[in-house]
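Taking it in order: structure first as structure tokens, then the write-up.
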There are 2 protein chains.
Amino acid sequence: MRKPRPVQPDQSLDSASDSGGSEGNVRAVDRALVILNAFREEDGALPLVEVARRAGLHLTTALRLLGTLESHGFVQRLAVGGYRLGPTLLLLGDRFRRSLRLEDHVMPALERLRAESRESATFFVREGDHRRCVFRLDSPQLVRDHAHVGEVQPLGIGAHGRSLIALDAPAGQRPRLPIVTRGERLREIAAIAAPVLDAAGGVAGSVGISVPLYRFDAAAEALCVPLVMREAVAITRALGGDPAAILN
Amino acid sequence: MRKPRPVQPDQSLDSASDSGGSEGNVRAVDRALVILNAFREEDGALPLVEVARRAGLHLTTALRLLGTLESHGFVQRLAVGGYRLGPTLLLLGDRFRRSLRLEDHVMPALERLRAESRESATFFVREGDHRRCVFRLDSPQLVRDHAHVGEVQPLGIGAHGRSLIALDAPAGQRPRLPIVTRGERLREIAAIAAPVLDAAGGVAGSVGISVPLYRFDAAAEALCVPLVMREAVAITRALGGDPAAILN
DNA sequence: CAATACACTTCCAAAATACGGAAACGCACC
DNA sequence: GGTGCGTTTCCGTATTTTGGAAGTGTATTG
């Protein structure tokens, strides 16, 4: 169990608790990271009290932790008062992405997809039993879905969610690629996605397009399906993978 | 060598060494953040020993800290062994960027710049006495400069470095906009940049194009200069700023 | 203008926490 | 089977973090 209260009598069930475990974790660090996760994009800048409240920390503690985070650029303290996330995160986030060594091949593919379909193009990677959006280019059109790089979504549902596990199925029972869904995970969105393989034969990720459902008629589908397959193959080739496996 | 001295005879003047200060910082957190900064993109995965060495930490300490970082997704432990940066950084980095509330206006502008110039387009924001690359689109051409989102560069040098402080000068002595440099910060790169203003009249950032010097002839300059000015004005307008100040 | 409320900051003693030495473990390579 | 290297567990200690309380400053109210 996590024990939030030091001396306190008992109970409580709130406070921290969200993400990680508490097993063998360095408490101060744990709390600092909880603070970082307390920032949601909607809020411009959070006052100390609010940060402390969200993280379930004593004011003094939050203040000290924020000070340390600030000195490394993980949060910024605004002149007017209040804190927000800091620029070091931008640097590290981009470093993480580059460590995947996908950017050079994936971004051009997404650019082609977006240019030719005029819809949003996205690339997911599997992360345990979830998937994470790692690259994304928004549709140039006004009406589009709104998704963000970094977001986590479930596996098994949605075009990408199924595409990432499509090749896990026994050889005979694999779904037809690309996966096409209509309003499956998000009611008003259709999506087309196909897996991408690396040199080791593993699934490196999933490329695809998402389209507002009302715009996804037969013509749009006929346009998008081959586009997605073409780029899935292109990325797979670029990574040294064997396109045969997705061309079944 | 950095040797903090556990038992500490006296004084201090301390260790800390690299980044932040050590004044009033929570040590465990401080160290954890130093660990994150120890990851450079070049290295795929670092073994524990290497992380500990770079961060100047005892092996045991690094192990514990990495464990905590991992449980929040700030680092990943690869099956084969070794650590690398984790996906949570992607999420937070993007959140930081969105908190600037520039994306909607800046990215389309960069896309137009790149499309019309076929060169790399970049957006910097000022950060104290430095500047940070916040948005960037790479040139579609093979030969181009290599810069990354998140990187910090000096103020006062380079086209963006000067553009960001151009309006700080007294009204009569302001440099002509856009700023055009040839091989100033990077020997083989030319750049064109202009500041962008927000509704408060402050400098929100700097937009521009960078071009390999050998390609930057009179024709290229004649093409790029008006493009950059056009987009600087467009972003300024979108942010509610007054374009007059950059058009003088 | 006094009085109250609220956000933030400083101080400090207590103790819980993180530290790091040592030693065990696992593995590859001799 | 032995040696070297990277990793992990264990554990006593004292360093570090903690959070109560009180102080400062600014806004809000009566």
Side-chain angles (χ1 to χ4, degrees), chain A residues 1-9 12 15-16 20-35 38 43-71 75-84, chain B residues 1-12 14-16 20-35 38 43-72 75-84:
Chain A
M1 293 77 154
R2 26 330 233 21
K3 51 105 89 37
R5 256 39 187 296
V7 188
Q8 289 308 311
S12 85
S15 62
S22 41
E23 200 55 33
N25 277 200
V26 176
R27 184 157 81 150
V29 176
D30 224 332
R31 291 172 155 187
L33 302 185
V34 167
I35 284 184
D43 13 76
L46 301 179
L48 173 62
V49 214
E50 177 63 12
V51 174
R53 204 186 53 70
R54 293 197 190 188
L57 298 177
H58 188 106
L59 262 140
T60 310
T61 306
L63 179 69
R64 242 175 308 110
L65 259 20
L66 281 166
T68 304
L69 289 168
E70 188 196 6
S71 77
V75 302
Q76 281 183 326
R77 171 170 220 164
L78 303 178
V80 298
Y83 296 84
R84 70 168 174 201
Chain B
M1 303 70 165
R2 41 306 233 71
K3 219 333 147 36
R5 240 57 210 273
V7 188
Q8 215 156 106
D10 53 290
Q11 46 53 28
S12 53
D14 78 284
S15 41
S22 39
E23 200 55 32
N25 276 201
V26 177
R27 184 156 81 147
V29 176
D30 225 334
R31 291 171 155 186
L33 302 185
V34 167
I35 285 184
D43 13 78
L46 301 179
L48 173 62
V49 218
E50 178 63 11
V51 174
R53 204 187 53 70
R54 293 196 191 190
L57 297 177
H58 188 104
L59 268 149
T60 308
T61 306
L63 180 68
R64 238 175 311 110
L65 259 20
L66 281 166
T68 304
L69 288 169
E70 189 196 6
S71 77
H72 289 259
V75 302
Q76 280 182 327
R77 172 170 221 162
L78 303 176
V80 298
Y83 296 85
R84 71 168 172 199

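In this text, all values refer to a predicted model and were calculated from it rather than measured experimentally. Chain naming here is simple, since letters A, B, ... match the order of the sequence lines and numbering starts at 1 in each.
The interatomic distance linking B:Ile35 (CD1) with C:dA18 (P) rounds to 14 Å, in whole Å. For A:Leu57 and D:dT18, the CG to C1' distance is 11 Å, given to the nearest whole Å. Atoms CZ (A:Arg64) and P (D:dG19) sit 8 Å apart, rounded to a whole Å. With rounding to whole Å, A:Leu65 atom CG is found 14 Å from C:dT17 atom C1'. Separating the CG atom of B:Asp30 from the P atom of C:dC19 is a distance of 11 Å, rounded to the nearest angstrom. Taking atom NE2 of residue B:His58 and atom C1' of nucleotide D:dT8, one finds them 11 Å apart after rounding to whole Å.
Taken from OG1 in B:Thr68 to CG in A:Leu33, the straight-line distance is 7.5 Å, to the nearest 0.5 Å. Taking CG of B:Asp30 as the reference point, atom CG of B:Leu65 lies at 10.5 Å (rounded to 0.5 Å). Here OG1 of A:Thr61 is found 8.0 Å from CZ of A:Arg27. Values are rounded to the nearest 0.5 Å. Between B:Arg77 atom CZ and B:Leu66 atom CG the span is 8.0 Å, to the nearest 0.5 Å.
A heavy-atom distance below 4.5 Å is not found between the side chains of A:Arg31 and B:Val26.
The side chain of B:Arg31 places an N or O atom within less than 4.0 Å of a non-bridging phosphate oxygen (OP1 or OP2) of C:dC19.
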Any protein N or O atoms within reach of nucleotides 6-10 of chain C? Criterion: under 3.5 Å, listing atom names and distances.
from: C:dC8; atom 1: OP1; to: A:Leu48; atom 2: N; distance (Å): 3.1
from: C:dC8; atom 1: OP2; to: A:Leu48; atom 2: N; distance (Å): 3.1
from: C:dC8; atom 1: OP2; to: A:Val49; atom 2: N; distance (Å): 2.8
from: C:dT9; atom 1: OP1; to: A:Arg77; atom 2: NH1; distance (Å): 3.4
from: C:dT9; atom 1: OP1; to: A:Arg77; atom 2: NH2; distance (Å): 2.2
from: C:dT9; atom 1: OP2; to: A:Arg77; atom 2: NH2; distance (Å): 2.7

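Minimum heavy-atom separation, B:Leu69 to B:Ala32: CD1-O, 3.8 Å.
Comparing C:dA16, D:dT16, C:dG20 by their nearest atom to the side chain of A:Arg27 picks out C:dA16.
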